[in-house]
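Notes for the one structure printed next.
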Amino acid sequence: MTTTSFPEGFLWGGAVAANQIEGAYDQDGKGLSVQDVLPQGLRTPRTPGPTPDNLKLEAIDFYHRYAQDIALFAEMGFTVFRFSIAWSRIFPNGDEAEPNEAGLAFYDRVLDELEKYGIEPLVTISHYETPLHLADEYGGWTDRRMIGFYERYARTLFERYGRRVKYWLTFNEVNSVLHEPFMSAGIPPRDDLTERDLYQAMHHELVASARATRIAREVAPGAQVGCMIIAMPIYPLTPSPADALAVMELDHSNLAFGDVHTRGAYPGYFLRTLREKGIELDITDEDRADLRHTVDFVSFSYYMSVAHTADPDKLVRGEGNIIGGIPNPTLPASEWGWQIDPVGLRLVIDQFWERWQKPLFVVENGLGARDELVEIDGVKTVLDDYRIDYLNDHLVQVGEAIADGAEVLGYTSWGCIDIVSATTAQMSKRYGYIYVDRNDDGSGSLERYKKKSFDWYAEVIRINGGSLRA
Ligand code: BGP
C-alpha cells in the first residue's frame with residue numbers, strides 16, 4: 001500500500017543552518033556568533049573565543065561550495081531549501097546602524113543559485129547564531145534592546161530579499177529559550193540568572209517575532225511568516241490521571257509559544273503558571289499590540305517523543321533534542337539516544353492543526369547516524385537503509401495526517417547534506433543524503449558523495465510521495 005495523499009504543489013526539500021554548514025566564520029566582515037565559542041555544542045561550556053577544535057569554524061565550507069551543493073539538491077528535485085542567514089554576517093556585532101554589504105551579497109548569490117533551479121527558499125532569520133557581542137554586552141535576549149536590534153536586522157532582510165523569498169521563519173525552535181539559553185538566545189550562564197529572566201527573554205523574542213511579521217507585511221507584501229517550534233509529543237508514563245495532568249502541563253509549556261504566535265496573546269494557563277511562580281513580566285501595552293500580528297503558518301522540528309510522569313522518583317532525563325524527557329520504554333532509539341517514533345509526527349501534526357488551524361510546515365526531521373563510506377563499482381557511497389527507513393516511516397505519517405485533514409505546506413528533512421551537529425558539534429552525527437568527507441578531528445577532503453538515500457529521496461519527490469512504503 002502506498003501513501004498518495006500529498007497534495008499537488010507540496011514542497012519537498014531539505015534544511016540546514018548557517019552556523020552548521022557555512023564555515024568562513026571570520027570572512028568578508030562576519031562577526032563572531034555564540035556558535036563560534038561552542039566547540040562541543042551543548043556538552044561543555046563556551047570557550048572565550050574561537051578555538052581550533054570548533055568544527056563550525058570551517059563546517060562543510062558551504063560558503064564557498066554553495067553552488068555545487070545546490071546543484072546536488074536540484075538533482076534530487078528539491079522544490080524548497082531551508083537555510084538560515086547568519087545574523088553576524090549582516091550585523092557583525094548585532095548593534096550597528098548599518099549592515100555589512102559583503103554579508104548581504106553572499107545570500108544574494110545563494111538566492112541566485114536557488115532561482116536557477118526553481119527552488120523556493122525558506123529562510124530562518126535567527127537559528128542559534130546570535131552575534132556574540134549581543135550576548136556579552138547585553139546578556140542576549142534578557143535585554144529588551146534585543147527587540148530593536150532584531151527588528152533592524154529583520155527589516156534589512158525583508159527589504160533586501162523580500163521580493164525573492166516568500167517563506168520566512170522568525171526564530172529556530174523558539175521554545176528552546178527556556179532550555180538552552182546561551183545557544184538559543186545568547187544568554188550567557190551566570191549564577192544569578194533566574195527563571196523570570198528566561199520568561200522575560202521568551203517575551204522579548206515573541207514580541208520581536210510579531211514585529212518582524214508586521215514589518216514583513218509592510219515591506220514584503222508577498223511574504224509568508226511562520227514561527228518554528230520544537231514539536232515533541234509527550235506520553236504519560238502510566239495511565240494515572242496524575243501523569244496525564246503532568247503531561248498536559250509540560251505540553252502547555254511548549255504549546256504556549258504556538259498559542260501566542262497564532263492567537264496573539266498569552267493563554268490563561270501560561271499566565272497562571274507565571275502567577276504561581278510569583279513571576280511578573282515586563283509587558284507593555286505596545287508589546288500587547290505587537291503580539292496581535294500573528295503568523296501565517298506554523299513550522300516545527302520533529303525528531304522524537306518523550307514520556308513524562310508526576311512521580312518525582314521516576315523523573316529521569318533521557319537523551320534528546322534540547323527539551324529532553326523520560327525515555328519511553330516502548331520505543332527504539334538512535335545511536336545518540338533520541339527515541340524513534342514516526343506515529344508521534346502524525347500526532348503533533350493533527351494536534352497543531354486542530355489547535356491552530358494554520359498551515360503547517362515540517363521543517364526538520366531526520367536521523368542522526370554514523371555512516372560508513374564504502375566503494376561499490378568504483379563509486380564511493382553510503383548504504384544508509386536505516387536512514388531511508390526512518391524517513392520513509394515519518395513521511396508515511398505526514399501523509400496520514402494530511403489524510404486526517406491537516407494542511408501541510410511541505411517537508412524539509414534536516415541536514416540534507418552532512419553538517420556539524422548542533423547539540424554535540426560532531427561531524428559523525430550525520431543526517432544527509434550527501435556524505436561530506438570530514439571527520440570529528442577536522443580531517444577530510446570535504447568532498448561530497450551521494451548516499452543510497454539520495455536516489456531514494458529523488459524518487460519520493462519525483463512522484464510526490466507515491467513511492468513511500470506504508
Ligand atoms: C535542532 C536544531 C538543528 C539541528 C537538529 C539536530 O534542534 O534546530 O540546528 O542540528 O536539532 O540536532 P543535532 O545536530 O544535535 O543532531
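For ligands, and for the atoms within them, numbers begin at 1 and follow the listed sequence. Keep in mind that this is a model prediction, so the values were computed, not measured.
Here the heavy atom of the protein found nearest to atom 10 (O) of ligand 1 is Q20 NE2, 2.9 Å. In terms of protein heavy-atom proximity, atom 5 (C) of ligand 1 is closest to Y303 OH, 3.2 Å. Protein heavy atom in closest approach to atom 7 (O) of ligand 1: E173 OE1, 2.5 Å.
The distance from atom CG of L122 to atom CH2 of W168, rounded to the nearest 0.5 Å, is 10.5 Å. Rounding to the nearest 0.5 Å gives a distance of 9.5 Å between CG of L360 and CD1 of I402.
Contacts of W414 with ligand 1, taken as heavy-atom pairs under 4.0 Å, involve the side chain alone. By the criterion of a heavy-atom distance under 4.0 Å, the side chain of N172, and not its backbone, is placed next to ligand 1.
Ion pairing between K451 and D418 holds under the 4.0 Å rule for side-chain N and carboxylate O. Look at K358 and E407 and you find no salt bridge, because none of the NZ, NE, NH1 or NH2 atoms lies under 4.0 Å from a carboxylate O.
For ligand 1, the polar-atom distance check against T423 finds a nitrogen or oxygen pair separated by under 3.5 Å. Between A422 and ligand 1, an N or O atom pair is found at a separation short of 3.5 Å. On a distance-only criterion, E364 and ligand 1 share at least one N/O pair closer than 3.5 Å.
Heavy-atom contacts of Y431 reach the following atoms of ligand 1: 6 (C), 12 (O), 13 (P), 16 (O) (cutoff under 4.0 Å). Close approach to K429 involves these atoms of ligand 1, each under 4.0 Å from a residue heavy atom: 13 (P), 15 (O), 16 (O). Of all atoms in ligand 1, listed by their number and element, those nearer than 4.0 Å to a heavy atom of H127 are 2 (C), 3 (C), 8 (O), 9 (O). Distances below 4.0 Å separate heavy atoms of S421 from the following atoms of ligand 1: 13 (P), 14 (O), 15 (O).
Checked by atom type, the side-chain pair Y25/N19 shows no donor-acceptor distance below 3.5 Å.
Both the sub-6.0 Å distance and the 45° axial angle are not jointly satisfied by R211 relative to the ring of Y150.
The shortest separation from a heavy atom of W338 to ligand 1 is under 4.0 Å, placing the residue in contact.
Residue pairs meeting the side chain to side chain donor-acceptor pair (under 3.5 Å) criterion with at least one member in residues 37-46, sequence neighbours excluded: Q40-R43, R46-D136.
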Legend entry - side chain to side chain donor-acceptor pair (under 3.5 Å) between R82 and T124, worked out: CA-CA 7 Å; R82 173 181 176 226; T124 317; 3.0 Å; yes
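Residues passing the side chain to side chain donor-acceptor pair (under 3.5 Å) test with D384, sequence neighbours excluded: R387, S453.
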